[in-house]
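See structure below.
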Amino acid sequence: MADKTAAGRITIDPVTRIEGHSKITIFLNDRGEVADAQFHVTQFRGFEKFCEGRPVHEMPSLMARICGICPVSHLVASAKAVDGIMAVTPPPAGADLRRLMNLAQLLQSHALSFFHLSSPDLLFGFEADPADRHLYGVLREYPTFARDGIALRRFGQHVIELLGGKRIHPSWIVPGGVSSPLPIAVRDEILAGVPDATERVARTLDWYRQTMLRWEDEAAFSANFPTAFLGLVTEDGAVEHYDGVLRALGPDGSVIHDEIAPERFGDCIGEAVEPWSYLKSTYLTALGYPEGIYRVGPLARVNVADHFGTPRADQELGLLRQRLGRYPGSSFHFHYARLVETLYALERIDQLLRDPGIMATRVRSQAGINSNEGIGIAEAPRGTLMHHYVVDDDGLVQQANLVIATGQNNLAMNRGVRQVAQQYVKADRLTEGMLNRVEAVIRCFDPCLSCSTHAVGQMPLHIQLLDSTGVVLDEVTRS
Amino acid sequence: MTPVPPGSRRAVVIGYGNPLRRDDGVGWHVARALAADPRAIGLAVIAAHQLTPEYAEDVHQARMTILVDAKVDGAPLPPGYCTISAVEPPPAEASASAAGAVSSHHCTPESLATMARDLYGSAGPVIVVGVSVSSVAAGELPTPQVARAIPFVVDLVLQLARPCGAASSGVSAVRAGSSMITRTDRLSKRYGGHVALDGVERAVP
């Protein structure tokens, strides 16, 4: 730290169009070249600490409050952890209904990430005037595109509301299953909306495939490096978001871990803490720290899985691999993977709802405290999410550890910021294009800092450029 | 999710706010109360934490949109008082200036109305009922003053929605760009030919 500080640094504080608060510091060497970068998460929330002493059955509802974008993922992972403590298996319909809501959340969250947050860069270009490069600009210049994004997010939110009564922080997923069965009218209403949503995703995918050559240069420097990837897969290697086993592959597809049961995740994953961020850095213990860098999320899921298991998503996956290879390494391709996964989510929602078993009225298993420890793992929109609780014999939480997707991507985001800075920071002045690219590389990962630090408010942007003696050469602040 | 032709709904009421921040959630509480009120049959009622772009289509499809929010800015009023304002989206050529108010997470009433118009082609009148607050500190319940006002705000919204099927000719008196203030605790059964209910102190430009 000391030599880096002495050598000079650039600070971006806050980073915009992501979920939460952070800043970026870019360190320069004495030749004025980028030597390193740090992605600081400057908010602290402390859910792991203040839930200690709470009855474990409260945990799903408490944990859902971590985030307004992906509360369902926390509900799912938390409820699964409590399932483990209660030693219960949810009835099949209960499990499928949890799965259904998780997919709806993936749909709305991916729509937010792609259309609302990232599409201004893709549509207007990374050097475009920020006065035009924003959501309203998309609405004005690309209204069909904007309507598709809004409609997709709206549909995902609507499904969550139909199932859980609220589009944000529903409490329908409970330990042992879900709190109520699926009404026929709700099933039919969701099914009726799937074709329109599918058409919108397919249209966007067509556009993306036809346009992606335009972003080849960006992709080359958007966290484009070899790392491992981690995600849940089914027994036959399909993408899995609710159950399954953990698989970690190297950048060339070599197996690092496979068929790791969720309760054994601690055997593979370590968490490191750096003094400059509230965000923990997660790594694969087999490779050590920080060499155990890995990525999670849509691109990781596409890479670790053999297939999606639904016809249209598998067809799109084939096209993706044809264009990018079997194990794409640039984090820019999170965008593409996110779109394919959105298509998958819609197909899977349709499949689940057409299975008569989902209408079963037995949707919850009941039990008391039968174990002092429980682990729940699910795939959140941003990547693999782990909740690990230890309780006393009365079911009061003694210890909680949350391993969040954004933390698992932390090492890769840091390295990604360094890579893009090395490419675009060439002088002692900060430019808008450089600023935006540094932010954009982070947006590829769709980080959720509210989740990962357990903040209130929005993220401002502050960049400082310091020379090798620590003198500020340039400074940019956004509110 | 089948598209609904513009104007096919009578009115949409979106009550929004954070119910975990005491009076900030008054709009949310009003929407919940309204949703359970048999007099609101025919209205589309949405309880939300924030206005987001996803509601633009609802605004587009409504003959009238009534937004109910906590009023935390402007001239201070006693808790529970309401201001009623008609939203006037900027001219189309000036829409870009509204951009700063549109984000993935929330919209202002003006930006929502602008989006509804620019993205979907048209929108009915948009009215904002702002309820003056006492406290927006952490807490699940509104303050007693604001809690007492909620039934009256529900009545007020129903009166405003009357031209669209729920009640009389209230909204016609709210001119675009103008605001009115009413004391909700003085609402009575005597409604005049405009939204000025019994006990209205004054209209402000």
Side-chain angles (χ1 to χ4, degrees), chain A residues 16-19 65 68-69 108-109 111-120 130-147 149-159 161-162 165-169 189-197 200 456-459 479, chain B residues 1-4 14 16-21 24-25 28 31-32 35 44-61 89-90 92-108 110-121 136-138 140:
Chain A
T16 58
R17 277 192 276 140
I18 68 171
E19 310 295 342
R65 296 284 169 173
I69 303 297
Q108 68 87 16
S109 179
L112 172 72
S113 173
F114 183 81
F115 291 92
H116 294 44
L117 301 179
S118 293
S119 76
D132 300 318
R133 195 190 61 227
H134 47 60
L135 179 58
Y136 192 83
V138 175
L139 304 182
R140 192 182 53 214
E141 301 295 329
Y142 303 93
T144 301
F145 189 91
R147 283 193 289 266
I150 288 175
L152 284 167
R153 183 155 194 243
R154 183 182 158 100
F155 181 61
Q157 289 177 327
H158 189 56
V159 172
E161 188 172 18
L162 285 171
K166 294 194 290 185
R167 59 183 62 189
I168 300 172
H169 302 145
E189 184 171 346
I190 299 172
L191 278 172
V194 169
D196 174 72
R200 294 177 190 274
V456 177
Q458 293 181 312
M459 194 180 224
S479 59
Chain B
M1 301 301 285
T2 306
V4 178
I14 307 176
Y16 60 100
N18 184 347
L20 296 178
R21 298 295 293 268
D24 186 69
W28 189 89
R32 302 278 284 196
V45 181
I46 298 169
H49 286 75
Q50 292 175 315
L51 294 180
T52 60
E54 285 69 42
Y55 295 122
E57 193 172 0
D58 294 290
V59 174
H60 155 68
Q61 291 171 348
E93 61 274 16
S95 293
S97 64
V102 179
S103 82
S104 59
H105 284 54
H106 64 89
C107 298
T108 63
E110 290 75 19
S111 62
L112 188 64
T114 304
M115 286 174 59
R117 182 195 64 194
D118 292 359
L119 201 51
Y120 298 101
V136 293
E140 293 188 28

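We name chains A, B, ... by the order of the sequence lines, and we start the count at 1 in each one.
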Is the shortest heavy-atom distance from the side chain of A/R154 to the side chain of B/D58 under 4.5 Å? yes

Between A/R147 (side chain) and B/L119 (backbone), is there a donor-acceptor pair under 3.5 Å? yes

Shortest non-hydrogen separation from A/I150 to B/M115 and the atoms involved: CD1-CE, 3.9 Å

Only one of A/H158, A/R153, A/Q108 passes side-chain hydrogen bond (donor to acceptor under 3.5 Å, both in side chains) with B/E54; say which it is. A/R153

Any chance you could measure A/Y136, atom OH, to B/T114, atom OG1, to the nearest 0.5 Å? 5.5 Å

Is it the backbone or the side chain of A/E161 that comes under 4.5 Å from a heavy atom of chain B, or both, or neither? neither

OG of B/S111 to CG of A/L139, rounded to nearest 0.5 Å, is 10.0 Å

Considering residues at least two apart in sequence or located in another chain, which fulfil the side chain to side chain contact (heavy atoms under 4.5 Å, CB included) criterion with A/I168? B/H49

